[in-house]
Student: 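This structure is in structure tokens; I'll ask about it shortly.
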Amino acid sequence: MSERIKVMIPEEDIDKRVRAMGAEISLDYGNEGVVLICILKGASFFACELAKRITTPVAIDFMSVSSYGSGTVSSGRVRIMKDLDDDIAGKHVIVVEDIIDSGRTLSYLKKVLEERNPASVKLCTLLDKPDRREVSVDVDYTGFTIEDKFVVGYGLDYAQKYRNLPYIGEVELD
């Protein structure tokens with residue numbers, strides 16, 4: 001099976017939206033500071049670009065949480081494969097995700113993080129697929145709402161390929 005990638009969201013549109021999200025977060029937190037929790041591997045590109053555009057003090061930590069494995073559809077089972085390095089108690093936390101579809105992963109993760117007594121936990125995603133939602137999740141910062149298509153680029157992958165594309169592309173399988 002081979003695949004073709006069709007541009008869905010061009011690099012320029014992503015850059016403009018990430019800048020706006022950074023400004024919104026900066027306004028919301030002022031000088032309080034935030035901890036961005038980047039969900040590996042997919043959100044790494046987005047989290048780095050977002051962090052550069054936030055003017056409030058920013059710390060960054062990483063988690064690896066998966067419900068996909070190497071497939072294109074969520075398995076429904078959420079696993080934490082890498083936990084945080086630092087304590088988040090009393091801190092304002094923003095979980096940075098590449099894409100939300102079923103909502104299972106972020107719903108689970110938000111509960112886990114809230115048990116660690118942060119000052120607040122907000123959710124931020126580059127892409128949202130509300131048509132795929134199985135679990136209700138309130139997302140505080142959304143880059144783009146997209147249709148139920150399998151997408152790659154800007155950190156998102158298909159079998160570990162295409163993360164480095166500077167745009168969001170739809171995968172068309174032959």
Side-chain angles (χ1 to χ4, degrees), residues 9 11-68 74 76-146 151 153-157 163 166 168:
I9 305 172
E11 181 178 10
E12 299 77 22
D13 292 355
I14 296 170
D15 184 59
K16 183 178 176 182
R17 184 65 190 123
V18 172
R19 286 180 187 280
M21 293 171 80
E24 185 179 355
I25 290 168
S26 299
L27 186 62
D28 288 350
Y29 289 93
N31 291 324
E32 291 184 64
V34 296
V35 177
L36 298 182
I37 298 178
C38 173
I39 306 304
L40 296 172
K41 297 176 185 171
S44 59
F45 288 66
F46 174 46
C48 289
E49 291 301 315
L50 181 65
K52 292 190 298 187
R53 284 147 179 87
I54 296 173
T55 58
T56 190
V58 173
I60 192 163
D61 206 340
F62 301 88
M63 291 184 85
S64 181
V65 183
S66 179
S67 64
Y68 280 87
S74 176
R77 197 177 84 228
V78 178
R79 298 180 308 152
I80 294 179
M81 290 145 25
K82 184 221 176 291
D83 209 337
L84 298 174
D85 292 328
D86 297 319
D87 184 12
I88 59 169
K91 298 176 182 174
H92 293 289
V93 169
I94 300 175
V95 179
V96 180
E97 183 62 287
D98 53 359
I99 190 166
I100 301 173
D101 49 29
S102 72
R104 281 192 199 109
T105 301
L106 277 186
S107 175
Y108 171 80
L109 187 56
K110 187 171 184 183
K111 289 175 191 165
V112 167
L113 294 174
E114 285 173 340
E115 292 173 359
R116 299 177 186 189
N117 300 312
S120 65
V121 177
K122 290 193 176 182
L123 304 178
C124 176
T125 187
L126 178 62
L127 302 173
D128 187 10
K129 282 191 202 177
D131 292 344
R132 298 263 317 194
R133 200 73 82 242
E134 296 174 14
V135 176
S136 180
V137 173
D138 292 324
V139 181
D140 302 282
Y141 306 101
T142 300
F144 301 91
T145 300
I146 63 170
V151 294
Y154 211 81
L156 291 105
D157 73 297
R163 287 188 197 279
I168 301 297

Student: So, for Ile168 and Gly153, which heavy atoms are closest and what is the spacing to 0.1 Å?
Tutor: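 Closest approach of Ile168 to Gly153: CD1-O, 3.6 Å.
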
Student: Can you name the nearest heavy-atom pair linking Tyr29 to Tyr141, along with the distance?
Tutor: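 That would be CE1-OH, 3.6 Å.
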
Student: Quick test of your reading of the model: are Glu114 and Lys111 salt-bridged, counting only N-O distances below 4.0 Å?
Tutor: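 No, Glu114 and Lys111 are not salt-bridged.
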
Student: Quick one, Leu50 and Leu126 - any side-chain contact, counting heavy atoms below 4.5 Å?
Tutor: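 The answer is no; the side chains never approach within 4.5 Å.
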
Student: Working note: Val135 + Tyr108, criterion side chain to side chain contact (heavy atoms under 4.5 Å, CB included); need CA distance, chi angles, decisive distance, verdict.
Tutor: CA-CA 10 Å; Val135 176; Tyr108 171 80; over 6 Å; no

Student: More than 12 non-hydrogen atoms from neighbouring residues, nucleotides or ligands closer than 6.0 Å to NZ on Lys82, yes or no?
Tutor: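 Correct, the count exceeds 12.
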
Student: Using a 4.5 Å cut-off on heavy atoms from C-beta on, say whether the side chain of Leu109 contacts that of Ile39.
Tutor: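 SC-SC contact between Ile39 and Leu109 confirmed.
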
Student: Could you check Lys122 against Val34 for side chain to side chain contact (heavy atoms under 4.5 Å, CB included), going step by step and ending with a plain yes or no?
Tutor: CA-CA 10 Å; Lys122 290 193 176 182; Val34 296; over 6 Å; no

Student: Determine the minimum heavy-atom distance between Thr142 and Met21, stating which atoms define it.
Tutor: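 Taking Thr142 first and Met21 second, the nearest heavy atoms are C-CE, 3.8 Å.
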
Student: Taking all atoms of both residues into account, what is the closest heavy-atom pair of Thr125 and Phe46, and its distance?
Tutor: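 Looking at all heavy atoms of both residues, the closest pair is C-CE2, 3.7 Å.
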
Student: How far apart are the C-alpha atoms of Tyr154 and Val18, what are their side-chain angles, what is the distance that settles it, and do they pass the side chain to side chain contact (heavy atoms under 4.5 Å, CB included) test?
Tutor: CA-CA 12 Å; Tyr154 211 81; Val18 172; 4.2 Å; yes

Student: Looking at every heavy atom in both Arg133 and Asp101, which two are closest together, and how far apart are they?
Tutor: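 Scanning both residues completely, I find the closest heavy atoms to be NH1-O, 2.7 Å.
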
Student: Could I get the full list of salt bridge (Lys or Arg N to Asp or Glu O under 4.0 Å) partners for Arg17, not counting sequence neighbours?
Tutor: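 In terms of salt bridge (Lys or Arg N to Asp or Glu O under 4.0 Å), with neighbours along the sequence ignored, Arg17 is linked to no residue.
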
Student: How long is the straight-line distance from CD1 of Ile54 back to CD of Glu24, given to the nearest 0.5 Å?
Tutor: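 Atom-to-atom, Glu24:CD and Ile54:CD1 are 10.5 Å apart.
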
Student: Rounded to the nearest 0.5 Å, what separation is found between the CG atom of Leu123 and the CG atom of Asp140?
Tutor: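 Between Leu123 CG and Asp140 CG, I get 5.5 Å after rounding to 0.5 Å.
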
Student: Just distance, no hydrogens or angles: give the donor-acceptor pairs under 3.5 Å from side chains in residues 56-63, sequence neighbours left out.
Tutor:
unit_1: Thr56; atom_1: OG1; unit_2: Gly30; atom_2: O; d: 2.4
unit_1: Thr56; atom_1: OG1; unit_2: Gly33; atom_2: N; d: 3.2
unit_1: Asp61; atom_1: OD1; unit_2: Asp85; atom_2: N; d: 3.3
unit_1: Asp61; atom_1: OD2; unit_2: Asp85; atom_2: N; d: 3.0
unit_1: Asp61; atom_1: OD2; unit_2: Asp86; atom_2: N; d: 3.0

Student: Taking atom NZ of Lys41 as the centre, report whether more than 12 heavy atoms of other residues, nucleotides or ligands fall under 6.0 Å from it.
Tutor: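 At most 12 heavy atoms, drawn from other residues, nucleotides or ligands, come within 6.0 Å of this atom.
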
Student: Quick one: pull up CD1 in Ile80 and OG1 in Thr105 and give me the separation to the nearest 0.5 Å.
Tutor: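 These two atoms lie 10.5 Å from each other.
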
Student: Output the distance between atom SG (Cys124) and atom CD1 (Ile37), rounded to the nearest 0.5 Å.
Tutor: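 So the gap between those two atoms works out to 12.5 Å.
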
Student: What's the shortest heavy-atom distance between Ala51 and Leu36, and which atoms?
Tutor: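 It is CB-CD1, 3.8 Å.
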
Student: Would you be so kind as to tabulate the donor-acceptor pairs closer than 3.5 Å made by side chains of residues 92-100, with sequence neighbours excluded?
Tutor:
unit_1: His92; atom_1: ND1; unit_2: Ser120; atom_2: OG; d: 2.7
unit_1: His92; atom_1: NE2; unit_2: Glu32; atom_2: OE1; d: 2.7

Student: Working to the nearest 0.5 angstrom, can you tell me the gap between Asp138 CG and Ser107 OG?
Tutor: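 So the CG of Asp138 and the OG of Ser107 are separated by 10.0 Å.
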
Student: For side chain to side chain contact (heavy atoms under 4.5 Å, CB included), just list the numbers for Leu127 and Ile9, CA-CA rounded to whole Å, side-chain angles, deciding distance to a tenth of an Å, and then say yes or no.
Tutor: CA-CA 10 Å; Leu127 302 173; Ile9 305 172; 3.8 Å; yes

